[in-house]
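Model, not experiment: these values are computed from the prediction.
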Amino acid sequence: MHISPFLLFVILIATPAFAQQTALYDPTIKHVPKDGIVTLYGAGGPHTAFQKVANVWQANTGKTVKIVAGPEATWSKDAQANADIIWGTSEQSMTAFLETYLTFASENVEPIYIRPTIIAVKAGNPKGITGFEDLLKDGVKIIVTEGAGVSNNSGTGTWEDVAGRLGRLSDVVAFRRNIITYAKGSGAAFKAFQEMDADAWITWPDWPITHDDVLDQVDIAPDRTIWRDINVVLSPDADPEAREFLIFLVSEEAQKIMLTEGWTR
């Protein structure tokens with residue numbers, strides 16, 4: 001059917017401005033973050049280092065920080081109501097978040113730290129994994145973190161970026177053959193790693209650092225390694241203390257704390 005230019009114009013201007021809104025977006029929620037508490041929301045992983053920084057800032061200032069981490073669906077409604085700050089564990093995950101949290105603007109996103117992909121293995125490394133090439137061998141059981149179109153997290157696409165880094169299709173094929181599950185989020189991947197008795201997990205340094213009783217870290221060679229940042233975005237209606245906390249979050253003191261869990265600037 002032919003649509004005239006005029007009719008097309010009418011259709012376009014009649015389309016809601018936020019046609020990209022996600023299923024998590026709730027238009028009935030009013031965003032009112034000013035409550036005297038600096039509240040941050042995001043995916044699990046960075047939250048442990050953030051909490052260490054927050055503990056110092058709270059002790060120094062007497063002001064309160066609340067950090068909420070986990071799968072987005074568990075905190076989305078609360079974040080739409082009272083988030084001062086949202087963090088993304090990668091650029092692609094922040095881009096996805098911004099389609100739900102419409103008060104926050106892309107031009108206000110600030111990348112603040114970065115970290116490399118690594119291989120997490122069982123404590124003691126019983127499989128003797130020394131690098132990525134070992135993951136291509138028959139019989140290696142691999143966990144990968146993947147958004148699968150429904151979970152915004154830093155793992156989405158990470159494994160294939162590492163596997164395809166050298167431009168060899170055979171590496172992707174061999175690696176994919178050894179994947180035993182695609183977990184929706186790092187927390188789910190960590191749980192699956194233990195429950196499925198996996199040998200390796202492509203993830204980030206903070207996981208073996210904060211779970212060194214069950215995980216060891218194996219580095220990926222520089223020509224294979226990819227890096228993803230952590231970023232933050234501040235609500236235009238945020239508590240004034242929220243900007244103060246973000247400034248402290250990238251201070252020299254905070255950088256030393258963040259480095260203990262693998263985050264660098």
Side-chain angles (χ1 to χ4, degrees), residues 38 40-54 57 65 67-72 75 79 83-101 104-120 144-147 151-165 183-187 189-190 201-210 217 219-235 238 242-243 245-265:
V38 179
L40 295 78
Y41 292 88
H47 67 289
T48 52
F50 280 173
Q51 189 63 61
K52 293 176 183 177
V53 175
W57 190 75
V65 177
I67 296 171
V68 182
E72 183 185 5
W75 49 257
D84 291 293
I85 300 163
I86 291 175
W87 77 79
T89 48
S90 66
E91 287 295 325
Q92 57 84 20
S93 62
M94 175 58 81
T95 299
F97 284 159
L98 293 177
E99 295 193 0
T100 296
Y101 311 98
F104 297 81
S106 179
E107 58 266 27
N108 294 330
V109 173
E110 299 178 37
I112 57 172
Y113 288 95
I114 198 165
R115 81 292 202 198
T117 46
I118 56 95
I119 303 167
V144 298
T145 309
E146 183 61 58
S151 175
N152 297 321
N153 64 78
S154 59
T156 299
T158 302
W159 73 268
E160 65 176 291
D161 288 345
V162 175
R165 187 76 166 158
K184 297 179 181 68
S186 293
F190 177 57
W201 170 27
I202 296 288
T203 184
W204 311 104
D206 52 299
W207 284 92
I209 288 172
T210 56
Q217 176 175 322
D219 292 335
I220 297 174
D223 61 349
R224 285 274 191 191
T225 300
I226 66 166
W227 297 71
R228 286 190 174 177
D229 71 89
I230 188 170
N231 43 72
V232 292
V233 62
L234 181 70
S235 168
R243 168 53 69 183
F245 178 68
L246 287 184
I247 292 171
F248 181 74
L249 188 55
V250 296
S251 67
E252 288 188 12
E253 184 176 2
Q255 287 179 46
K256 293 176 182 177
I257 297 171
M258 294 293 292
L259 185 59
T260 66
E261 296 194 13
W263 301 94
T264 62
R265 276 177 67 81

Any side-chain donor paired with an acceptor under 3.5 Å for Trp201 and Thr145? yes
Which atom pair, heavy atoms only, marks the closest approach of Trp87 to Gly42? CE2-CA, 3.3 Å
Using the rule side-chain contact (heavy atoms from CB on, under 4.5 Å), only one of Thr203, Asp219, Ile226, Asp161 pairs with Thr117; which is it? Ile226
Any idea which heavy atoms bring Lys52 and Thr260 closest together, and the distance? NZ-OG1, 3.6 Å
Out of curiosity, Asp206 CG to Ile230 CD1, how far, rounded to the nearest 0.5 Å? 8.5 Å
On a heavy-atom basis, which atom in Thr89 and which in Ser93 lie closest, and how many Å separate them? N-OG, 3.3 Å
If only atom types and distance count, is the side chain of Asn231 paired as donor or acceptor with the main-chain N or O of Gly88 below 3.5 Å? yes
Given 3.5 Å as the limit, does a donor-acceptor pair link the side chain of Glu146 with the main chain of Ala183, or not? no
Would you confirm whether Arg115, through its side chain, and Arg228, through its main-chain N or O, come within 3.5 Å as a donor-acceptor pair? yes
Worked verdict on Tyr41 versus Glu72 for side chain to side chain contact (heavy atoms under 4.5 Å, CB included): CA-CA 9 Å; Tyr41 292 88; Glu72 183 185 5; over 6 Å; no
When you check the gap from the basic side-chain N to the acidic O, do Arg243 and Glu110 get nearer than 4.0 Å? yes
Got Ile220 and Ile119 here, is their nearest side-chain heavy-atom distance under 4.5 Å? yes
Grab the two heavy atoms, one from Gly262 and one from Pro116, that are nearest each other, plus how far apart they are. O-CD, 4.4 Å
Would you say the side-chain atoms of Gln92 and Ser90 include a donor-acceptor pair closer than 3.5 Å? yes
Output for pair (Ile114 CD1, Trp204 CH2), nearest 0.5 Å, gives 9.0 Å
Derivation and outcome, side chain to side chain contact (heavy atoms under 4.5 Å, CB included), residues Val65 and Val53: CA-CA 10 Å; Val65 177; Val53 175; over 6 Å; no
I want to check something: taking the side chain as every heavy atom from C-beta on, are Glu91 and Asp229 in contact at a cut-off of under 4.5 Å? yes
How far does CG of Asp84 sit from CZ of Phe245, to the nearest 0.5 angstrom? 11.0 Å
Value rounded to 0.5 Å, distance of CD in Gln217 from CH2 in Trp207: 14.0 Å
How many angstroms lie between CZ in Phe50 and CH2 in Trp57, if you round to the nearest 0.5 Å? 14.0 Å
Taking every heavy atom of Arg265 against every heavy atom of Ile112, the minimum-distance pair comes out as NH1-O, 2.8 Å
Check the angle between the aromatic planes of Phe97 and Trp75 and answer parallel, tilted or perpendicular using the 30° and 60° thresholds. perpendicular
Hey, does Leu98 have a side-chain heavy atom less than 4.5 Å from the side chain of Val109? yes
Residues Ile257 and Ala49: closest non-hydrogen pair is CG2-O, 4.2 Å
d(Ile67 CD1, His47 NE2) to nearest 0.5 Å is 9.0 Å
